[in-house]
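A short worksheet on the structure shown next.
Note that these values count all heavy atoms, side chains included, but never hydrogens, waters or copies made by symmetry. Just so it is clear: chains get the letters A, B, ... in the order the sequence lines come, proteins before strands, and each one is counted from 1.
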Protein chains: 2
Amino acid sequence: MREDVSLATVAARAGVSVSTVSRIVNGQTRRASPATVARVRDAIEAVGYRPNPVGRALQRGQSQLVAMIAANLDNPAMATIASSTETALREAGYVMILCDTHDRAELQDEYLFAMRAQMVRGYVLVAAVPSPGLSELSTSGAPTVFVNRRNPSGSGPFVGIDDAAAGAAVADYFADLGRRVPAVVFPRLSSSASRDRVSGFLARLRERGWSDEAIVRADGEGRSHLQVGYDAGARIFDGRDRPDAILCVSDQIAYGVNRRALECGLKIPGDCELVSIDGTPLNKWVAPWLKSIEIPYAVYGAEIVSGLQLIWRGEPFGERLLPCKFG
Amino acid sequence: MREDVSLATVAARAGVSVSTVSRIVNGQTRRASPATVARVRDAIEAVGYRPNPVGRALQRGQSQLVAMIAANLDNPAMATIASSTETALREAGYVMILCDTHDRAELQDEYLFAMRAQMVRGYVLVAAVPSPGLSELSTSGAPTVFVNRRNPSGSGPFVGIDDAAAGAAVADYFADLGRRVPAVVFPRLSSSASRDRVSGFLARLRERGWSDEAIVRADGEGRSHLQVGYDAGARIFDGRDRPDAILCVSDQIAYGVNRRALECGLKIPGDCELVSIDGTPLNKWVAPWLKSIEIPYAVYGAEIVSGLQLIWRGEPFGERLLPCKFG
DNA sequence: ACATCTTTGGCAAACGTTTGCCAATCTGTC
DNA sequence: GACAGATTGGCAAACGTTTGCCAAAGATGT
């Protein structure tokens, strides 16, 4: 309907100046008499005024936009994070811009630049990759929350899980189950999350009596975790020491490993127990053979946004490790 | 680095006025002497000037933002559409805002309003739902592309597949295979896409000799297609006429049906052929038992953006039906 | 009656950009 | 040497908002 309702429209109708309306819109009711406030409020209602975010952003030097820069939207886990964050941001009155870096540093930098130009109010970096622009961002002090992977260039607010503990929990599970030849599969392009999961797993196994050589480690190349699992699976299942329990650091890796296992004629979980860390809801529909540490991605959004709000208020926000369920 | 490089910075350095720089930035080189142009270009380079999209949007009454309003990001198909669209938009110099409506009309309207306030340059509606705001949008003539589901309130540019043909292809497949009791599963909350797929399937079966009563139809309630399939599966497999071939209008429905089939002790595809329409890449990893009409979601982005560009240039763009592969 | 303080509200600048219009300078022609 | 026309570039307004500052009142105290 009204395309052009601005402060001026309201001001004209209420017979006051633009400044007065602006102040009232922003809650400074003390700067006007109650009568004026009422008159202005009526006018706002009557013409259906809504503040223009663009004008506001220009003046304030800051928009209501929050940039989510994610490594790969095709990964259901990230899609869930994006979705829950978007919901939480909307409820808090912000608007999310979504950028998919395909895990590539130069794209990440391109987005970082573009987002600064948009005067975004904050950054949510899901599985960030090291890059020049990112170091610059960290030193600039812009409000930033890292998700899943910690800041690869320095420290910074973090939302995720206790990755080492998750790895250790799987180690305990395998040990308690009486498995003898544990293995772990992870991407060669390693992130803090992968590293911590693997090292937590290895450390606990060591505590429980395994020697380092007794644990099969297999990585896979490339950005697709599905392919990583499939490739690593080939080497694992062809090797002499065929494992009877495998930790996959992500669901998608487990999908790849499982497919290779089927091709090798193995029964999962009969011949080999498979456990992954992610536990996306799709698992119980299409991969009931997969046990998982369930990461509560659906609540990430709320945590991320409350972290951002803390940062905006100048309060400290170090990290938030969310509890996982083993299901 | 430079936080505050504006036209004024460049102008000062090049010793010209802001207007001159603005014109040169926008390619109007005829309004300045070659010498001036060179000097300004050098200055732009030197200070690393990048136009501020906010100032520009305010002046032009239109931003570089494009709103994607999607029904449910947790659905991998939509995530792929979002991802490919985002890539195509970035390559064309635009920035995508992502909104997840969770298939709810009131949220869709909230977003439609918010996006108009952001002066977005266009709208991409993935699986739009009927709503007052949407009818208003259609009549307003704002650049809009509908994806997957046609405009529920009127007509409008559309990117998708030939849904009826896809349904018919599955019917032919079942018939050629010699299956006797075909079934179709679809969500009760129906969209143009679901409806056309189902009716194309039924029509072709009729042509090939089936009577309407001989075809099992089952729908399921709710927004989760997984649940839709699971619930409909219960009724299908408990019925007397157990089908030997089922068309599921989406992958997720097939996942749900399959799970129910397993629980009923059926073998897929031995006891019952399952075919879905979607064919997301995940299928071959986690659901190799599922045959699909493969919708090329990964190329939707390019089609959507070229459609938008046509509309922006004032050229006509009716619909673009992409070819599918049966795999 | 005067000084002082508070209330109420407007003016105008600023954010960064674009663009219509006007002014100065240059080129060429008569 | 004067005039038309083209070239080159700046001024200023506009987009919608926020906010420092000032001014006109009214309220209070002496």
Side-chain angles (χ1 to χ4, degrees), chain A residues 2-41 43-44 47-65 93 113-114 116-121, chain B residues 2-41 43-44 47-65 93 113-114 116-121:
Chain A
R2 295 285 67 77
E3 273 311 329
D4 47 353
V5 271
S6 69
L7 284 181
T9 323
V10 178
R13 188 173 231 270
V16 298
S17 79
V18 173
S19 347
T20 301
V21 182
S22 171
R23 282 190 274 252
I24 290 173
V25 166
N26 289 45
Q28 290 192 47
T29 50
R30 277 179 264 201
R31 292 296 312 272
S33 67
T36 307
V37 172
R39 204 147 30 91
V40 169
R41 291 234 164 97
I44 289 177
V47 301
Y49 170 75
R50 312 258 292 173
N52 178 324
V54 178
R56 188 174 266 185
L58 185 57
Q59 156 64 29
R60 303 221 257 231
Q62 183 176 249
S63 70
Q64 293 293 95
L65 269 29
F113 261 103
R116 182 160 67 191
Q118 293 285 349
M119 306 189 187
V120 299
R121 188 112 202 254
Chain B
R2 296 283 70 75
E3 274 310 330
D4 47 354
V5 272
S6 68
L7 284 182
T9 323
V10 177
R13 188 173 229 269
V16 297
S17 79
V18 174
S19 345
T20 301
V21 182
S22 170
R23 280 190 275 252
I24 291 174
V25 166
N26 288 46
Q28 291 192 45
T29 50
R30 278 179 264 206
R31 292 296 311 274
S33 67
T36 307
V37 171
R39 205 147 30 90
V40 169
R41 291 235 166 96
I44 288 176
V47 302
Y49 170 76
R50 312 257 292 173
N52 180 323
V54 179
R56 191 173 263 189
L58 185 56
Q59 157 62 31
R60 301 221 258 232
Q62 182 175 249
S63 71
Q64 293 293 95
L65 271 27
F113 260 104
R116 181 160 67 191
Q118 293 285 348
M119 305 189 195
V120 299
R121 194 112 198 253

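With rounding to whole Å, A/R30 atom CZ is found 10 Å from C/dT7 atom P. With rounding to whole Å, B/I44 atom CD1 is found 14 Å from C/dG16 atom C1'. What separates CD of A/Q62 from C1' of C/dC15 is a distance of 13 Å, to the nearest Å. D/dG16 atom P lies 16 Å from atom CZ of A/R50, rounded to whole Å. Atom pair A/L7:CG and C/dA12:P shows a separation of 18 Å (rounding to whole Å applied). The distance between atom CZ of B/R39 and atom P of D/dG9, rounded to the nearest whole Å, is 7 Å.
Within 6.0 Å of atom CZ in B/R39, more than 12 heavy atoms from other residues, nucleotides or ligands are found, so the atom counts as buried in its surroundings.
Distance from the side chain of B/R23 is smallest for C/dG20 among the nucleotides D/dT17, C/dG20, C/dG16. Closest to the B/S6 side chain, of the nucleotides D/dG16, C/dG9, C/dT17, is C/dT17. For B/Q59, taking side-chain heavy atoms from C-beta onward, the closest of the listed nucleotides C/dG9, C/dT17, D/dG10 is C/dT17. Comparing atom distances between the A/S33 side chain and each of C/dT8, D/dT17, D/dA12 picks out C/dT8 as nearest. Among D/dC15, D/dG10, C/dG9, the nucleotide with an atom closest to any side-chain atom of B/T20 is D/dG10.
Of all heavy-atom pairs between B/P53 and A/A117, the closest is CD-O, 3.2 Å.
An OP1 or OP2 oxygen of D/dT8 is reached within less than 4.0 angstrom by no side-chain nitrogen or oxygen of B/T36. Phosphate proximity of C/dT18 to B/N26: present, with a side-chain N or O under 4.0 Å from OP1 or OP2.
Residue order along DNA chain C, read from the 5' end via each residue's closest nucleotide, puts A/T29 first among A/M119 and A/T29. For B/Y49 and B/R31, each mapped to the nucleotide of DNA chain C holding its nearest heavy atom, the one lying further toward the 5' end belongs to B/Y49.
The closest side-chain heavy-atom distance from A/V16 to A/R23 is not below 4.5 Å.
The residue A/V18 sits close to a base: some heavy atom pair falls under 4.0 Å. Within the 4.0 angstrom heavy-atom criterion, base atoms lie near A/S22. Contacts of B/V54 with the nucleic acid, taken as non-hydrogen atoms under 4.0 Å apart, are absent.
In the interface, the side chain of A/S17 is not paired with the base of C/dC11 through any donor and acceptor atom under 3.5 Å apart. Judged by distance alone with a 3.5 Å cut-off, no donor-acceptor contact links the side chain of B/R60 to the base of C/dG16. You won't find any donor-acceptor pair under 3.5 Å spanning the side chain of A/R56 and the base of D/dG16, going by distance alone.
Taking CZ of A/R31 as the start and OG of A/S22 as the end, the distance is 11.0 Å to the nearest 0.5 Å.
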Notebook entry, point to check: Can you check side chain to side chain contact (heavy atoms under 4.5 Å, CB included) on B/V54 and B/L58, steps first, answer last?
Noted result: CA-CA 6 Å; B/V54 179; B/L58 185 56; 5.8 Å; no

